[in-house]
Amino acid sequence: MASSLARRLGAPVTAVGSAHVSAAQPSKTPLVPPDDAVAPVRHPEAPAPGELLGSHYAQCFGCGGEQPHGLHLEARAGEGVNVTAEFTVRTAHQGAPGLAHGGVLATALDETLGSLGWLMHVIAVTGRLETEFVAPVPVDTVLHLDARVTGVHGRKIYCSATGRIGGPEGPVAVRADAVFIEVKVEHFLDNGRNEEIQAAMSDPDQVRRARAFEVNP
Ligand SMILES: CCCCCCCC/C=C\CCCCCCCC(=O)SCCNC(=O)CCNC(=O)[C@H](O)C(C)(C)COP(=O)(O)OP(=O)(O)OC[C@H]1O[C@@H](n2cnc3c(N)ncnc32)[C@H](O)[C@@H]1OP(=O)(O)O
């Protein structure tokens, strides 16, 4: 059966869709998996341990290679449903003099957590993200990030990440717990700005990447 992306590729996008989500009640979803959550499953065609995952979108602020303002995060597959990544804090990332901005660090954590979808072949977006800033992170620091899925409950993917300084085993400077929500590719096609959606759909490499996420076990 044709994928939803393949079906959509036949139909030009004519307008930016309005968000399909209803007016928001604050989410009460806890950040720890419920008792009946299941263990995450590594997709049989997931990238091999140690393999660079690459960017899901060249213009992504977190991982895109063609995004001059971005963090250029490069994540690698772990042995389970986990990833590692390194992020170097640059002068452009400052909040206070010589120190990383907390929002930038949260973005690095969010992006690393977001890349876990590659290992399950699931597209998922951040629903909740709680960050803890344990120690200040100076400019030029290499943040060693490590993220893993802790449980899956329906469309909800529970995951956690740490950012360590001084090496992969160094002290934790930042950490995060998150719930990502699985979505279909239509989430982007229906809500993204038309200009970028059209460009993405005309890019065979982007289409290939979206399909790699979309395939189910
Ligand atoms: C060729 C072109 C192709 C293009 C495609 C490119 C490929 C892309 C590949 C990979 C992309 C990876 C990108 C990673 C980037 C880094 C991560 C980010 O920064 S993502 C951006 C920030 N996040 C958002 O913008 C979400 C905005 N929010 C929403 O869109 C909706 O609220 C959404 C989808 C999250 C949920 O809406 P609903 O209507 O689908 O959800 P309902 O059906 O009501 O709930 C389902 C379950 O989820 C829980 N839930 C819903 N929202 C939640 C929330 N915000 N927090 C926690 N739980 C939530 C609910 O309680 C429910 O749980 P119960 O089944 O009842 O147990």
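This chain uses plain numbering: 1 for the first residue, then up along the sequence. First listed ligand is number 1; within each ligand, the first listed atom is number 1.
Taking a cutoff of 4.0 Å between a charged side-chain nitrogen and a carboxylate oxygen, Lys184 and Glu186 do not qualify as a salt bridge.
Heavy atoms from other residues, nucleotides or ligands lying under 6.0 Å from CG of Asp205 number more than 12. For Gln59, the CD atom counts as densely surrounded, since its 6.0 Å shell holds more than 12 non-hydrogen atoms of other residues, nucleotides or ligands. More than 12 heavy-atom neighbours from other residues, nucleotides or ligands sit within 6.0 angstrom of CG on Asp203.
Of all the atoms in ligand 1, the ones that sit under 4.0 Å from a non-hydrogen atom of Arg128 are 56 (N), 57 (C). Those atoms of ligand 1 that come under 4.0 Å of a heavy atom in Gly127, given as number and element, are 54 (C), 55 (N), 56 (N).
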Steps toward side-chain hydrogen bond (donor to acceptor under 3.5 Å, both in side chains) verdict (Thr84, Asp146): CA-CA 4 Å; Thr84 56; Asp146 183 304; over 6 Å; no
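Polar contact check, Asp110 against ligand 1: a nitrogen or oxygen pair lies under 3.5 Å apart. Considering backbone and side-chain atoms alike, Gln206 places every N or O at 3.5 Å or more from each N or O of ligand 1.
When the heavy atoms of Lys156, Arg209, Arg155 are ranked by distance to atom 65 (O) of ligand 1, first place goes to Lys156. For atom 17 (C) of ligand 1, the candidate residues are Thr126, Leu129, Val183; the nearest heavy-atom contact is made by Thr126. Between atom 12 (C) of ligand 1 and the options Gly117, Pro204, Ala124, the minimum heavy-atom separation is to Ala124. Among Ile181, Val185, Asn191, the residue whose heavy atom lies nearest to atom 48 (O) of ligand 1 is Ile181.
In terms of modelled atom types and a separation under 3.5 Å, the side chain of His144 and the main chain of Thr162 share no donor-acceptor contact. The closest donor-acceptor contact from the side chain of Arg76 to the backbone of Gly50 lies under 3.5 Å.
Using a 4.0 angstrom heavy-atom cutoff, His187 counts as in contact with ligand 1.
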